[in-house]
Amino acid sequence: GAVVSQHPSWVICKSGTSVKIECRSLDFQATTMFWYRQFPKQSLMLMATSNEGSKATYEQGVEKDKFLINHASLTLSTLTVTSAHPEDSSFYICSARDGGTGIIQPQHFGDGTRLSIL
Amino acid sequence: AQSVSQHNHHVILSEAASLELGCNYSYGGTVNLFWYVQYPGQHLQLLLKYFSGDPLVKGIKGFEAEFIKSKFSFNLRKPSVQWSDTAEYFCAVNGAGNTPLVFGKGTRLSVIA
């Protein structure tokens with residue numbers, strides 16, 4: 001089945017640091033990737049949608065200068081949390097969709113990255 | 001805007017009991033409906049999906065869901081749960097054009113022996 005690899009799984013860093021999270025589709029080409037954020041006991045909240053080779057589309061309330069998304073290839077998207085602060089601590093999940101066949105494709109999810117800012 | 005409501009935050013069942021998890025959505029057009037499961041320490045996995053056709057959808061591991069358009073519902077069912085079904089269950093919806101998934105808050109299922 002379709003596998004999405006997300007790295008790192010857990011990162012702890014000091015306030016003011018920038019953190020990069022990678023999301024890779026291992027056995028399919030992901031024309032579209034999504035980044036979600038999940039707070040404890042809450043739903044996954046969509047942050048942005050990225051299509052390969054174009055700028056990401058951010059949801060309302062998500063700072064694009066704070067959360068930089070790059071989707072430079074069909075198998076890799078990165079999320080960089082710039083100048084992270086404790087309020088950015090959360091669980092970040094990437095998702096990828098195979099855009100190959102034209103029929104409706106489900107989203108496949110990575111394991112998530114737990115980000116803790118001290 | 002799309003929204004998904006899952007009625008139960010935490011459900012506790014004994015093994016062999018029947019399961020029904022509620023999901024209602026709010027959306028003004030054609031929808032695609034999904035149930036995902038997240039086992040402890042693992043990523044979200046697709047249980048089943050509905051795009052069109054037969055409103056009763058069968059998924060993996062003995063799960064099924066029924067789309068009732070008039071009620072904007074897509075409840076998940078399993079006739080007899082097992083301890084291994086202990087997990088978090090998320091209902092999700094997207095619209096025509098394969099827009100991003102919108103998730104409910106999830107329901108935690110605990111199955112006890």
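Throughout, a chain's letter reflects where its sequence line sits, starting with A, and its residues are numbered from 1.
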Going by salt bridge (charged side-chain N to carboxylate O under 4.0 Å, His left out), name the pairs with one or both residues in residues 67-85 of chain B, residues two or more places apart or in two chains. B:Glu64-B:Arg77, B:Glu66-B:Arg77, B:Lys78-B:Asp85
Looking at side-chain heavy atoms only, is the closest gap between A:Trp10 and A:Ser116 below 4.5 Å? yes
Donor-acceptor contacts under 3.5 Å from residues 100-113 of chain B side chains, at least two apart:
from: B:Thr107; atom 1: OG1; to: B:Gln6; atom 2: NE2; distance (Å): 3.3
from: B:Thr107; atom 1: OG1; to: B:Asn8; atom 2: O; distance (Å): 2.5
from: B:Ser110; atom 1: OG; to: B:His10; atom 2: NE2; distance (Å): 2.8

A:Ser90 and A:Arg37 side chains, donor-acceptor separation under 3.5 Å: yes
Do you know which of B:Val37, B:Leu47, B:Leu44 makes side-chain contact (heavy atoms from CB on, under 4.5 Å) with B:Phe90? B:Leu44
Contact class of B:Leu46 relative to chain A, heavy atoms under 4.5 angstrom: side chain
Taking side chain as everything from C-beta outward and backbone as N, CA, C, O, which of these in A:Gln6 sits under 4.5 Å from a heavy atom of chain B? Side chain, backbone, both or neither. neither
Considering the options B:Tyr89, B:Phe74, B:Phe63, B:Phe51, which one meets the ring pair (Phe, Tyr, Trp, His ring centres under 6.0 Å) requirement together with B:Phe34? B:Phe51
Could you list all the side chain to side chain donor-acceptor pair (under 3.5 Å) pairs where at least one residue sits in residues 14-28 of chain B, not counting sequence neighbours? B:His7-B:Asn24, B:Glu20-B:Asn75
Tabulate, in ascending numerical order, the residues of residues 45-68 of chain A having at least one heavy atom closer than 4.5 Å to a heavy atom of chain B, or enter 'none'. A:Leu46, A:Thr49
